[in-house]
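Values reported hereafter were calculated over all heavy atoms of this structure, with side chains retained and with hydrogens, waters and symmetry mates removed. Numbering of residues begins at 1 and proceeds along the displayed sequence.
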Amino acid sequence: MMLNIVILDGYSANPGDLSWEPLKELGTLTVYDRTPANEVVERAKEADIVLTNKVQMTAEVIKALPRLKYIGELATGFNNIDIRAAREQGIDVCNIPAYSTASVAQMVFAHILNITNRIGHYAEQNRQGRWSQSPDFVYWDTPLHELAGKTIGIVGLGNIGWKVAIIARDFGMDVFAMTSKNSADLPEGIQKTTLEGLLAVSDILTLHCPLTDSTLEMINKESIQMMKPGAILINTGRGPLVNEKDVAEALRTGRLGAYGADVMCSEPPAADNPLLSAPNAYITPHIAWATYEARVRLVDIAINNVKAFVEGAPINVVNA
């Protein structure tokens, strides 16, 4: 029997520079760039296999799709899929693990280096002629800092947190981490501590933990008060790991030195989100994962996941 494969929101992962063609060898393929919530059931009602990135596959939607056998998450996180409902319906849910580790770690340091070296600021200053008008061979109007000897605190040592730790160590930083891993299993130069310990010692704090009830808004007014004055906060994990109003206020008062983030609580953010106008807030539009190389891996793994399912040996199953 020919399988019916539907991609509900393929544009973000593949805006046209990659190919879904191998999926056509497995069945009839329909690709939608985006799917509004009120059209999910209609578009997926004949699907045996659905691939989704951010489209919500709720219990109500899943129960309305009796033909559905497989949901492929086009990302690592799968909180847009009701895992329990899928399991109850006998539907396998598979994700894309570790495809963007290098890219996200790279973005972490893009934010850190932008904050400490102010590349964007000085490029703009030069466009305005400030260096050309300088009486000296050099021009700067902000503090500049090197990373060597600074302390970085990492919340979570999964694939990305681990990569960040290794890069930070190579920069000559002192590396502390909050992790479930045993201290004996950590590489030399990475010290395990508590969240309170990280808050107290970190010149830079970077978040790489899952979003759970216990980590929701873990960075808030109270925890910011426990941080070093002027510390830098980086968030490429999940927007709701921080209370955005509290972070914005801490930036305005100078309690936080800077906030570099690639994620926000609501995406896209509301135009009046306080972080968009806060001083020393550097927000990128959820693009850390979106390098060409990472998206090639994502699409390849997504296709291989479907192939494995069709062959009766599913891989990367998150609801087994």
Side-chain angles (χ1 to χ4, degrees), residues 104-105 107-122 124 140-156 160-161 164-165 167-168 171 173-178 193-209 211 214-267 269-286 288:
V104 177
M107 179 61 86
V108 170
F109 281 91
H111 273 288
I112 292 172
L113 293 170
N114 174 61
I115 290 166
T116 56
N117 291 76
R118 302 296 300 275
I119 301 299
H121 168 76
Y122 286 106
E124 182 58 33
W140 78 86
D141 62 355
T142 68
L144 302 171
H145 299 284
E146 64 179 30
L147 297 181
K150 299 294 188 299
T151 297
I152 187 169
I154 303 173
V155 181
I160 295 170
V164 168
I167 296 171
F171 265 110
M173 304 185 75
D174 296 324
V175 183
F176 289 78
M178 186 186 84
T193 187
T194 62
L195 176 61
E196 290 74 16
L198 288 187
L199 295 171
V201 303
S202 298
D203 298 300
I204 300 171
L205 182 70
T206 181
L207 308 179
H208 300 288
C209 56
L211 178 61
S214 63
T215 62
L216 177 66
E217 295 190 359
M218 65 189 303
I219 303 302
N220 52 43
K221 183 176 181 180
E222 290 72 27
S223 56
I224 290 170
Q225 287 301 314
M226 299 171 67
M227 296 175 68
K228 287 185 175 182
I232 296 167
L233 176 63
I234 306 293
N235 185 9
T236 58
R238 291 288 184 268
L241 294 173
V242 311
N243 181 304
E244 292 181 338
K245 290 183 179 179
D246 290 353
V247 170
E249 180 60 24
L251 290 168
R252 290 190 180 93
T253 63
R255 191 66 181 73
L256 273 180
Y259 181 54
D262 190 57
V263 289
M264 300 192 79
C265 292
S266 177
E267 297 176 347
D272 62 352
N273 186 296
L275 283 172
L276 299 182
S277 59
N280 298 314
Y282 303 94
I283 313 295
T284 48
H286 206 144

Practice problem: List for me each residue that meets side-chain contact (heavy atoms from CB on, under 4.5 Å) alongside Lys221, sequence neighbours excluded, and say none if there are none. | Solution: Asp246
Quiz item: Asn117 and Tyr122: which non-hydrogen atoms are nearest, and at how many Å?
Solution: O-CD1, 3.8 Å
Quiz prompt | Single hit among Asn220, Ile219, Leu216 for side-chain contact (heavy atoms from CB on, under 4.5 Å) with Asn243 | solution = Asn220
Quiz item: What is the minimum heavy-atom distance between Asn114 and Gly120, and which atoms define it?
Solution: OD1-N, 3.8 Å
Quiz: residues 146-154 side-chain donor-acceptor pairs under 3.5 angstrom, not counting sequence neighbours:
{"unit_1": "Lys150", "atom_1": "NZ", "unit_2": "Glu146", "atom_2": "O", "d": "3.1"}

Exercise. Determine, stepwise, if the pair His121 / Asp141 fulfils side chain to side chain contact (heavy atoms under 4.5 Å, CB included).
Key: CA-CA 10 Å; His121 168 76; Asp141 62 355; 2.8 Å; yes
Quiz item: How long is the span from the CE atom in Met226 to the CG atom in Leu205, to the nearest 0.5 Å?
Solution: 11.5 Å
Quiz item: Do Glu244 side-chain atoms and Cys265 backbone N/O form a donor-acceptor pair below 3.5 Å?
Solution: yes
Exercise. Name all pairs fulfilling the salt bridge (Lys or Arg N to Asp or Glu O under 4.0 Å) condition that reach into residues 223-235, sequence neighbours left out, sorted by first residue then second.
Key: Asp203-Lys228
Quiz item: Minimum heavy-atom separation for His111 to Tyr282, with atom names?
Solution: CE1-O, 3.2 Å
Practice problem: Mind checking the CD1-NE2 spacing from Ile232 to His145? Nearest 0.5 Å is all I need. | Solution: 7.5 Å
Quiz item: With a 4.5 Å heavy-atom cut-off, do Leu207 and Val242 have their side chains touching?
Solution: yes
Self-check item: Sequence-distant partners of Thr236, side-chain contact (heavy atoms from CB on, under 4.5 Å), two or more places apart
Solution: Val104, Met107, Val108, His208, Ile234, Asp262
Quiz prompt | Which residues share a side-chain contact (heavy atoms from CB on, under 4.5 Å) with Arg238, sequence neighbours left out | solution = Leu211, Pro240, Leu241
Exercise. Please confirm whether the backbone N or O of Met227 pairs with a side-chain atom of Arg255, one donor and one acceptor, at under 3.5 Å?
Key: yes
Quiz prompt | Non-neighbouring partners of Phe109 that pass ring-ring contact (aromatic ring centres under 6.0 Å, His included), sequence neighbours left out | solution = Phe171
Exercise. For the residue pair Leu275 and Leu251, establish whether any side-chain heavy-atom pair is separated by less than 4.5 Å.
Key: yes
Quiz item: What pair of heavy atoms forms the shortest contact from Thr215 to Cys209, and how long is it?
Solution: CG2-SG, 4.0 Å
Quiz item: With distance as the sole test, does Ser202 use its side chain to make a donor-acceptor pair with the main-chain N or O of Leu199 at under 3.5 Å?
Solution: no
